[in-house]
Amino acid sequence: MTKTITPDIIYIGTDDADMRLFESQYHTPEGMCYNSYVVLDEKVAVMDTTDQRTIDTWMDNLHEALQQRKPDYLVAHHLEPDHASGIAAICAEYPELKIVCSAKAAQMLPQYIEDASTLARLMPIKEGDTLQLGKHTLHFVAAPMVHWPEVIVSYDDYSHSLFSADGFGKFGTYDADPDDWACEARRYYFNICGKYGQPVSTLLKKAAALLIDRILPLHGPVLEGERMAEAMRLYAIWAAYDVETEGVFIAHASAHGNTAHAAHQLVDILKAKGCQQVAITDLCRDDMAEAVEDAFRYGRVVLCANSYDASVFPPMHDFLHHLQQKAYQRRRVALVENGSWAPSAAKTMRAILETMKQIDIVEPVVTLRGKLKAADMPQLEALADAILQ
């Protein structure tokens with residue numbers, strides 16, 4: 001099914017409601033959408049394709065939007081397979097179609113397509129180049145490492161529309177949670193683009209010079225009006241690694257429940273001391289991507305883990321590895337370790353955190369031995385005070 005965005009811009013994307021593990025790692029309980037658009041003018045431009053799983057539906061949508069016209073251009077903003085798997089199909093049906101992409105994308109496309117006749121249609125462009133369709137003119141803006149090196153975005157000066165590639169995307173189907181864009185967009189951003197704050201900031205500066213009425217991402221809804229303004233505000237915070245929400249995030253990894261109990265006791269202590277926003281996650285059972293999201297969302301984080309094999313319990317090690325990969329930085333982090341005979345979790349966590357930028361380790365580090373006891377409560381009280389300073 002197609003949707004009209006403007007009189008000349010038609011949505012031809014697809015929902016994969018059965019997708020439950022995007023990129024084979026991110027839980028998508030509501031499925032996933034792969035956005036694609038057609039700009040109808042004297043010349044016709046198709047903006048990106050779709051994932052392998054939904055090519056047939058996408059081709060049907062394309063035919064519906066074209067109304068028996070033939071497309072002149074396919075603009076490939078991003079070559080990741082969830083957006084570029086339909087290139088071969090559309091090129092097979094329309095042999096005169098030109099593929100507009102960045103020079104880097106032109107170098108990369110043979111990794112996915114071997115057909116020489118398709119590759120002969122490449123039309124590499126660079127930042128500042130334009131594509132005249134009629135009254136619509138596409139202006140191309142380089143966006144390398146948002147979040148692949150070949151990415152471009154395009155701005156249509158007639159409709160004031162920004163085709164933003166993976167920028168401003170979210171998990172979920174096209175119409176999922178239309179009034180709560182931020183929740184799944186935040187989880188998407190920090191897990192997909194989180195490492196690339198500087199490139200995202202650069203793109204935001206370029207976008208600020210444009211008159212934009214709507215943003216058309218490759219995942220999630222089209223953003224307009226107040227929702228677009230809020231998305232731009234949040235992206236500026238996220239890209240700068242600033243704190244979005246005042247409060248404390250507690251992540252625990254507990255083998256037998258004793259460390260988890262201490263973490264929940266700390267929640268109560270923090271709330272009693274006036275901290276209104278305290279989020280907590282179980283790294284052994286809860287969604288890792290949500291844990292990464294909350295670690296970036298809050299400015300103060302507490303890591304609670306038991307010792308394991310002279311190191312730290314693996315779910316915590318895995319979590320810290322995820323944060324390392326996503327360039328975690330500029331946060332205050334407190335540590336709670338548990339060890340029955342040779343506590344080692346805090347030393348291991350500290351060593352990993354010290355590889356990250358501008359991480360302030362809050363003192364005192366709390367060491368528990370086995371079950372939380374009344375004698376341990378003053379340590380937690382002192383830690384809560386230090387966190388809230």
Side-chain angles (χ1 to χ4, degrees), residues 21-27 186-197 241 248-267 278-372 376 379-380 383 387:
L21 204 61
F22 180 67
E23 286 192 355
S24 297
Q25 59 178 322
Y26 301 117
H27 293 288
R186 183 188 301 106
R187 186 166 72 100
Y188 176 90
Y189 174 84
F190 284 116
N191 286 279
I192 303 292
C193 301
K195 181 177 180 178
Y196 306 110
Y241 302 98
V248 178
F249 171 56
I250 300 175
H252 65 80
S254 181
H256 300 291
N258 291 314
T259 306
H261 176 65
H264 282 277
Q265 287 295 304
L266 186 56
V267 171
V278 185
I280 187 167
T281 194
D282 180 350
L283 295 175
C284 303
R285 294 166 179 82
D286 296 337
D287 179 42
M288 180 61 72
E290 287 193 10
V292 170
E293 167 195 349
D294 280 341
F296 280 95
R297 180 175 184 174
Y298 295 92
R300 292 168 286 185
V301 175
V302 185
L303 304 180
C304 307
N306 59 267
S307 303
Y308 195 88
D309 287 344
S311 180
V312 67
F313 196 40
M316 178 61 74
H317 194 282
D318 187 30
F319 176 56
L320 289 169
H321 176 65
H322 276 76
L323 295 184
Q324 250 183 343
Q325 279 196 315
K326 302 305 176 183
Y328 191 64
Q329 58 189 270
R330 300 185 59 202
R331 296 295 186 268
R332 299 186 70 230
V333 181
L335 304 177
V336 177
E337 67 174 352
N338 197 342
S340 297
W341 68 90
S344 56
K347 179 180 178 181
T348 304
M349 291 188 288
R350 184 189 292 269
I352 299 172
L353 289 165
E354 286 175 348
T355 68
M356 306 177 196
K357 295 180 181 178
Q358 299 181 53
I359 299 296
D360 177 23
I361 304 295
V362 177
E363 300 292 348
V365 171
V366 172
T367 298
L368 305 175
R369 289 183 176 271
K371 184 178 178 180
L372 181 70
D376 297 318
Q379 286 191 79
L380 292 183
L383 183 63
I387 294 166

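What you see below is based on every heavy atom in this structure, not just the backbone, and it leaves out hydrogens, waters and symmetry mates.
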Is the shortest side-chain heavy-atom distance between [X] and [Y] below 4.5 Å?
| X | Y | value |
| --- | --- | --- |
| R332 | V301 | no |
| L303 | L353 | yes |
| I250 | V336 | no |
| L283 | F313 | no |
| T355 | Q324 | yes |
| V248 | L266 | no |
| V333 | M349 | no |
| N258 | N338 | yes |

Search all heavy atoms of [X] against all heavy atoms of [Y] and return the closest pair with its distance.
| X | Y | result |
| --- | --- | --- |
| R369 | G339 | CG-O, 3.3 Å |
| A295 | Y328 | O-OH, 3.0 Å |
| A253 | P315 | CB-CB, 4.1 Å |
| G197 | Y189 | CA-OH, 3.9 Å |
| A334 | L383 | CB-CD1, 3.7 Å |
| L380 | A262 | CD1-O, 4.1 Å |

Would you give the length of the straight line joining atom [atom1] of [X] to atom [atom2] of [Y], rounded to the nearest 0.5 angstrom?
| X | Y | atom1 | atom2 | answer |
| --- | --- | --- | --- | --- |
| S254 | M316 | OG | CE | 10.0 Å |
| C304 | H264 | SG | NE2 | 9.5 Å |
| R330 | M356 | CZ | CE | 16.0 Å |
| Y188 | F22 | OH | CZ | 5.5 Å |
| Q265 | D376 | CD | CG | 11.0 Å |
| N191 | Q325 | CG | CD | 10.5 Å |

field: Exam field: side chain Y241 to backbone F296, donor-acceptor pair closer than 3.5 Å
entry: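 Absent.
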
Sole candidate of T367, T259, N306, T348 that passes side chain to side chain donor-acceptor pair (under 3.5 Å) when paired with E337: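 Answer after filtering T367, T259, N306, T348: T367.
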
task: Mark yes when over 12 heavy atoms from residues, nucleotides or ligands other than Y298 sit less than 6.0 Å from its OH; otherwise mark no.
output: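 Atom OH in Y298 is packed in, count exceeds 12.
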
message: Using side chain to side chain contact (heavy atoms under 4.5 Å, CB included), reason through E293 and D287 one step at a time and then give a plain yes or no.
response: CA-CA 10 Å; E293 167 195 349; D287 179 42; over 6 Å; no

